[in-house]
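Below, each value reflects all heavy atoms present in this structure, side chains not excepted, and no hydrogens, waters or symmetry copies.
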Amino acid sequence: MKKIVTILGARPQFVKGAVLSRVIKKHNEIEEIIVHTGQHFDANMSAVFFEEMQIPKPKYNLNINGLNHGAMTGQMLEKIEEILLDEKPEAVVVYGDTNSTLAGALAAKKLDVKVVHIEAGLRSFNMQMPEEVNRILTDRIADLLSCPTEIAVSNLKNEGFNGFKTLVERHGDIMKDAVEFYSKVSEEKSTIINDLNLVKNEFVLATIHRQENTDDKEKLANVFSALEEIHKTKQVILPLHPRTKKMLEKYQLQPNIKFIDPVGYFSMLELLKNCSMVITDSGGLQKEAFFNKKFCVIAREETEWKELEENGYATISGTNTKVLVKDFNQFLTLNKSFEEELYGNNVGEKIYQSIKKLIQ
């Protein structure tokens, strides 16, 4: 049986990886070995998490976290290389744009093992973002680039990938499969709506955690001033990221909104399904808002998911208080169907079939 090694390091990657793992298990033609680098240590990464989400448990846990970018990537590269020498897979599968992604791709390429990059071709065009560096380098050395959107394919064409010996395919966004699958069970798994006494469409879901916002006092203060203003008319619920909590305390900011502890994936899905709108600086949450038919105000200067803005489902508001509030109020009165197919269907199966061809 052919073998692939999947490298995962952050919880969103486990959710995406679960989609492909289910397809691999269903076909029973390829053996999958899962490596968890430990990049984002999370107490929710327990046996219960894997059991509830039907995710195969990692064969290897590297427990590499809390280091600077260079040290983290270097240690991962060393450990993943050892695993690949032992396992001798036909391909390595990586997701997204983390240090784990780059380390897995580099380790594989140095050993002449094929690299599959899922969520390829995304670009923010902001090279100050570590994620942008990771995704560009990973794309360049991958053998199969699974693109979520037509814009992602265009980005690669503009970078000259038509002249490289690389398979560029638009499969769609694997996160769409995950949201559709887990939405069927999230209400049974999470009681967060009742626990917080929330009413459907009567609250705003916000997440702020990106380093470019949290580490700049003025930006952070501006964003939370906007959330406070919005909170006066519609309750703002914000799962508080540890980094954001630390910086709010450092800057002595005490915004008057509803903070809650970080939540698991099922609770986040329930918050998304029941909120009226999303305000975020996250990348993935922008799409998950769309999948749940919610408008999204983006507290950043750019987005990798440009089709959301181009089709009127999201707006880039930056960190200006007045602009954030204005954009929020404009979306309140807007009606759209959310029926456009921006991210494909049956994505996991399409990716699986391409991987199967690659390693035949």
Side-chain angles (χ1 to χ4, degrees), residues 10-12 14-16 18-19 42-46 48-55 175-209 223-224 226-242 244-245 248 255-299 308 313-314 324-325 327-329 331-339:
R11 193 165 68 181
F14 276 86
V15 177
K16 296 167 192 172
V19 174
D42 191 327
N44 283 325
M45 283 297 179
S46 63
V48 173
F49 179 88
F50 287 101
E51 188 178 319
E52 284 191 342
M53 299 197 73
Q54 301 178 35
I55 299 171
M175 203 65 188
K176 184 167 185 275
D177 284 16
V179 169
E180 289 172 349
F181 181 84
Y182 290 118
S183 287
K184 297 170 186 173
V185 297
S186 61
E187 194 172 352
E188 301 167 21
K189 303 289 186 181
S190 173
T191 59
I192 193 166
I193 302 302
N194 288 333
D195 293 346
L196 297 176
N197 293 315
L198 297 174
V199 178
K200 188 176 178 67
N201 294 325
E202 291 301 320
F203 69 93
V204 176
L205 174 63
T207 71
I208 302 295
H209 74 275
V223 171
F224 277 100
L227 294 178
E228 276 192 296
E229 188 64 29
I230 291 164
H231 188 69
K232 292 175 183 175
T233 56
K234 221 170 189 44
Q235 186 179 30
V236 174
I237 305 292
L238 190 144
L240 188 56
H241 191 283
T244 312
K245 181 179 181 182
L248 286 173
N256 180 29
I257 63 172
K258 174 71 173 176
F259 289 112
I260 61 173
D261 290 333
V263 298
Y265 185 62
F266 292 123
S267 291
M268 183 58 84
L269 273 180
E270 285 303 295
L271 290 170
L272 278 164
K273 283 157 66 174
N274 288 280
C275 73
S276 62
M277 200 183 305
V278 173
I279 301 174
T280 187
D281 62 6
S282 162
L285 202 61
Q286 296 170 34
K287 290 177 300 156
E288 289 178 282
F290 174 75
F291 298 149
N292 286 280
K293 303 188 176 184
K294 311 294 180 181
F295 290 113
C296 183
V297 175
I298 304 168
L308 290 175
Y313 297 107
L324 282 162
V325 174
D327 289 345
F328 167 79
N329 287 325
F331 270 147
L332 274 182
T333 59
L334 196 62
N335 286 313
K336 279 179 76 72
S337 67
F338 287 83
E339 296 303 320

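Applying the salt bridge (charged side-chain N to carboxylate O under 4.0 Å, His left out) test to residues at least two apart or on different chains, the pairs with a partner in residues 269-280 are Glu270-Lys273.
A 4.5 Å side-chain heavy-atom check between Thr244 and Phe259 finds every atom pair outside the cut-off. With contacts defined as side-chain heavy-atom distances shorter than 4.5 Å, the pair Ile192/Ile260 qualifies. A heavy-atom distance below 4.5 Å is not found between the side chains of Thr207 and His241. Using a 4.5 Å heavy-atom threshold, the side chains of Phe224 and Ile257 count as touching. With contacts defined as side-chain heavy-atom distances shorter than 4.5 Å, the pair Phe203/Asn274 qualifies. Looking at Lys287 and Val179, their side chains never come closer than 4.5 Å, going by heavy atoms from C-beta outward. The closest side-chain heavy-atom distance from Leu272 to Leu285 is below 4.5 Å. You'll find the side chain of Ser190 stays beyond 4.5 Å of the side chain of Leu269, heavy atoms only.
Here the CG atom belonging to Leu227 is positioned 6.0 Å from the CD1 atom belonging to Ile208, to the nearest 0.5 angstrom. Between the CE atom in Met53 and the CZ atom in Phe14 there is a gap of 11.0 Å [rounded to 0.5 Å]. Atom CG of Asp327 sits about 10.0 Å away from atom CD1 of Ile298, to the nearest 0.5 Å. Distance CZ/Phe331 to OG/Ser276: 12.0 Å, rounded to 0.5 Å. In this structure, the separation between CG on Asp177 and CZ on Phe291 is 9.0 Å, given to the nearest 0.5 Å. If you take NZ on Lys200 and CD1 on Ile193, they are separated by 8.5 Å, rounding to the nearest 0.5 Å.
Glu228 contributes a side-chain N or O that, together with a main-chain N or O of Asn256, makes up a donor-acceptor pair within less than 3.5 Å.
Salt bridge status for Glu180 with Lys176: present, with a side-chain N to carboxylate O gap under 4.0 Å.
Under a cutoff of 6.0 Å and an axis angle of 45°, Lys336 and Tyr313 form a cation-pi pair.
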For residues 233-240, run the donor-acceptor check on the side chains, cut-off 3.5 Å, and write out each pair with its distance to 0.1 Å, sequence neighbours left out.
from, atom 1, to, atom 2, distance (Å)
Thr233, OG1, Ile230, O, 3.1
Lys234, NZ, Asn201, O, 3.1

Before giving the answer on side-chain contact (heavy atoms from CB on, under 4.5 Å), spell out for Lys293 and Glu339 the whole-Å C-alpha distance, their side-chain angles and the decisive distance to 0.1 Å.
-> CA-CA 9 Å; Lys293 303 188 176 184; Glu339 296 303 320; 3.2 Å; yes
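In this pair, Tyr265 and Tyr182 present their aromatic rings perpendicular. The plane angle is above 60°, beyond the 30 to 60° band.
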